[in-house]
There are 2 protein chains.
Amino acid sequence: MRRDVFQAIADPIRRDIIELLSEEALTVNQVAEQFEISRPAISKHLKILNECGLVTFQPSGRERLCMIQAQELIPAFLWIKQYNKLWEKRIDSFENYIHQLQTKYYESDDRQNTDH
Amino acid sequence: MRRDVFQAIADPIRRDIIELLSEEALTVNQVAEQFEISRPAISKHLKILNECGLVTFQPSGRERLCMIQAQELIPAFLWIKQYNKLWEKRIDSFENYIHQLQTKYYESDDRQNTDH
DNA sequence: TATATATGTAACATTTCGGTTACGCAAATT
DNA sequence: AATTTGCGTAACCGAAATGTTACATATATA
């Protein structure tokens, strides 16, 4: 099955794994320790991350060191980046908006914009 | 249900819808015409995009004009962007790599890096 | 007013996802 | 040699995703 980076980063646990591994390479168990779900579940997430190239493994004895391959994020980065022209149009100050995000980001709101 | 932008853009059809709407606002039917799947399926995709704020609707008579809200991509953009330090470390020429991507991007390869 | 059109949604089927437990096996340790 | 450890995977499960068809409804048109 051909995995896709967009699908890989859609899962919040996989994003957390990426964040962890961006700090340092870790063995599978070291990754699993950071989460509440079972080790096999983490193994599956790592497999998915590996299938789209975002994580590679360096076997060392019975352990496997998991390493992030951040360059695999570039296609997703570029896809999103092409829309910055659009969002910059509507936001007077981009820097200011980012600052707002950092504080208001997770508030709930009603996005629905229609009448019925 | 609280939708999340990462999950919204995980689906290739929804990414295509975003690309379409980034060119111009379209009615629901005009969007649906561009795809092989049924109109109700497109309606659902639009609903998901609306739930995370990426698309809003402007009703006009019995039609609804779908409009992209590109600024909702910013959180995803920033999340990915934080890893550019990592990927720039390993790529001598970033510009050159992008150029390679444009030609070699979709080739299949074997990502598996282990022995067993 | 009767009909056509644009659209949402319910009901349903199928597939995929994300988790679990149980187990197997190779490598390390005792 | 026996045991422990690290890890993959199979079998299974429930929930979520993604599509379909059928139908409801409001608006536009003849």
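By convention in this document, chain letters (A, B, ...) are assigned in the order of the sequence lines, proteins followed by strands, and residues within each chain are numbered from 1.
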query: For the side chain of A/N50 and the backbone of A/V55, is there at least one donor-acceptor N/O pair under 3.5 Å apart?
result: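 Yes: the side chain of A/N50 pairs with the backbone of A/V55.
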query: For the side chain of B/R14 and the backbone of B/Q7, is there at least one donor-acceptor N/O pair under 3.5 Å apart?
result: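 Yes: the side chain of B/R14 pairs with the backbone of B/Q7.
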query: Between A/S60 and A/A10, who's closer to the 5' end of DNA chain C by nearest nucleotide?
result: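 Checking each residue's closest nucleotide, the 5'-ward one belongs to A/A10.
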field: DNA chain C: 5'-proximal contact among A/G61 and A/R14 (nearest heavy atom)
entry: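 Taking each residue's closest nucleotide, the earlier one in sequence belongs to A/R14.
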Tell me the interatomic distance from [X], atom [atom1], to [N], atom [atom2], rounded to whole angstroms.
X: A/I17; N: C/dG18; atom1: CD1; atom2: P; answer: 11 Å
X: B/E63; N: D/dT27; atom1: CD; atom2: C1'; answer: 10 Å
X: A/H45; N: D/dC7; atom1: NE2; atom2: P; answer: 17 Å
X: A/Q30; N: D/dT5; atom1: CD; atom2: C1'; answer: 14 Å
X: B/K47; N: C/dT9; atom1: NZ; atom2: C1'; answer: 7 Å
X: A/I42; N: C/dG19; atom1: CD1; atom2: C1'; answer: 11 Å
X: B/E51; N: C/dT9; atom1: CD; atom2: C1'; answer: 13 Å
X: A/I48; N: C/dG19; atom1: CD1; atom2: C1'; answer: 12 Å

message: Tell me whether B/R15 is salt-bridged to A/D4, with the criterion being a basic N under 4.0 Å from an acidic carboxylate O.
response: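 Salt bridge between B/R15 and A/D4, a charged N being under 4.0 Å from a carboxylate O: yes.
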- prompt: Would you say the side-chain atoms of B/E63 and B/T27 include a donor-acceptor pair closer than 3.5 Å?
  reply: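 Side chains of B/E63 and B/T27: no pair found under 3.5 Å.
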- prompt: Reckon A/S38 has a side-chain N or O less than 4.0 Å from the OP1 or OP2 of C/dG19?
  reply: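 For C/dG19, OP1/OP2 do not have a side-chain N/O of A/S38 under 4.0 Å.
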task: Establish, with yes or no, whether the OP1 or OP2 oxygen of D/dT21 is under 4.0 angstrom from a side-chain nitrogen or oxygen of B/R39.
output: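 No, no such contact exists.
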I'd like a table of atom pairs between the protein and nucleotides 10-16 of chain C - only N or O on both sides, under 3.5 Å - with the distance next to each one.
unit_1	atom_1	unit_2	atom_2	d
C/dA11	N6	B/K44	NZ	3.4

Please determine whether residues [X] and [Y] belong to a single hydrophobic cluster, defined as Ile, Leu, Val, Met, Phe, Trp and Tyr linked transitively by side-chain heavy-atom distances below 4.5 Å.
X: A/W79; Y: A/L86; value: yes
X: B/L20; Y: B/I9; value: yes
X: B/L49; Y: B/F35; value: yes

Proximity to the side chain of A/I37 - top-ranked nucleotide from C/dG19, D/dG6, D/dG19: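 Of all the options, the side chain of A/I37 is nearest to C/dG19.
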Check: protein-nucleotides 1-5 of chain C nitrogen or oxygen pairs below 3.5 Å:
unit_1	atom_1	unit_2	atom_2	d
C/dT5	O4'	B/R62	NH1	3.4
C/dT5	O2	B/R62	NH1	3.1

task: Under the side-chain hydrogen bond (donor to acceptor under 3.5 Å, both in side chains) rule, collect the residues that match up with A/R62, sequence neighbours excluded.
output: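 Applying side-chain hydrogen bond (donor to acceptor under 3.5 Å, both in side chains) to A/R62 gives none.
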query: Taking the six-membered ring where the residue is Trp, are the ring centres of A/F77 and B/Y83 under 6.0 Å apart?
result: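 Not under 6.0 Å, so no.
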